[in-house]
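The block underneath contains the structure these notes are about, expressed in structure tokens.
Counting starts at 1 for both ligands and their atoms, following the listed order.
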Amino acid sequence: MLDKKVVELLNNQVNKEFYSAYLYLELSNFYEDKGLAGFANWYRVQAQEERAHAMLFYQYLHNNNEKVKLETIEKPDVELHTLLDPLHTGLKHEYYVTGLIHTLYDAAHSVKDFRTTQFLDWFVKEQGEEETKAHDLITRMELFGSDPKSLYMLDTELKARVYVEPSLVL
Ligand code: FEO
């Protein structure tokens with residue numbers, strides 16, 4: 001049986017990951033509207049990844065005979081104006097999610113729940129990678145985004161991103 005606080009945080013993470021999917025879909029939505037199909041694709045794939053993360057937390061709870069409580073998913077809370085806004089929103093959100101994962105890790109570790117810390121190891125690594133990707137995209141957009149030809153090339157590159165199922169096996 002898992003610790004009550006750890007279960008509460010794991011359950012909360014199901015909701016946060018679904019919210020992340022919804023937020024990224026909104027970023028994709030913004031770029032669709034601007035005619036940047038590559039950026040839209042990038043965030044649509046990101047939304048798929050977040051949904052998969054939610055399902056991993058969902059399945060982990062079930063595998064441990066814990067009930068999952070599905071809560072309301074909030075409306076994406078963002079103001080998007082410039083082409084850089086979604087990128088900053090994405091990075092800021094990833095920092096926030098990293099904080100949630102670390103709090104969860106800390107709670108599991110403090111009650112010696114090593115099964116959960118092992119499960120979370122994958123997410124700790126994943127968050128590092130996602131922060132790097134989000135950061136790199138900002139750097140590239142700042143470098144090339146104001147030149148239409150370069151923006152077109154960057155958009156074309158981002159169109160190639162395809163969804164890959166997370167490698168974590170439960
Ligand atoms: Fe699933 Fe990038 O948070």
(request) Check all N, O or S atoms of Glu94 and name the one closest to atom 2 (Fe) of ligand 1. (result) OE1
(request) Using the test side-chain hydrogen bond (donor to acceptor under 3.5 Å, both in side chains), find all partners of Arg51 that sit at least two apart in sequence or belong to another chain. (result) none
(request) Quick one: which residue pairs count as a salt bridge (Lys or Arg N to Asp or Glu O under 4.0 Å) with a foot in residues 151-170, not counting sequence neighbours? (result) Glu49-Arg161, Arg140-Glu157
(request) Under the side chain to side chain contact (heavy atoms under 4.5 Å, CB included) rule, collect the residues that match up with Asn64, sequence neighbours excluded. (result) Leu2, Tyr60, Glu66, Arg115
(message) Counting neighbours of CD on Glu74 that are heavy atoms of other residues, nucleotides or ligands and sit closer than 6.0 Å, is the number greater than 12?
(response) no
(request) Could you pull out the N/O/S protein atoms under 2.8 Å of atom 1 (Fe) of ligand 1, ignoring any water? (result) Glu17 OE1, Glu50 OE1, His53 ND1
(message) Is the distance between the ring centroids of Tyr58 and His62 under 6.0 Å?
(response) yes
(request) Please examine the side chains of Ile101 and Val124, heavy atoms only from C-beta on, and report whether any two atoms are closer than 4.5 Å. (result) yes
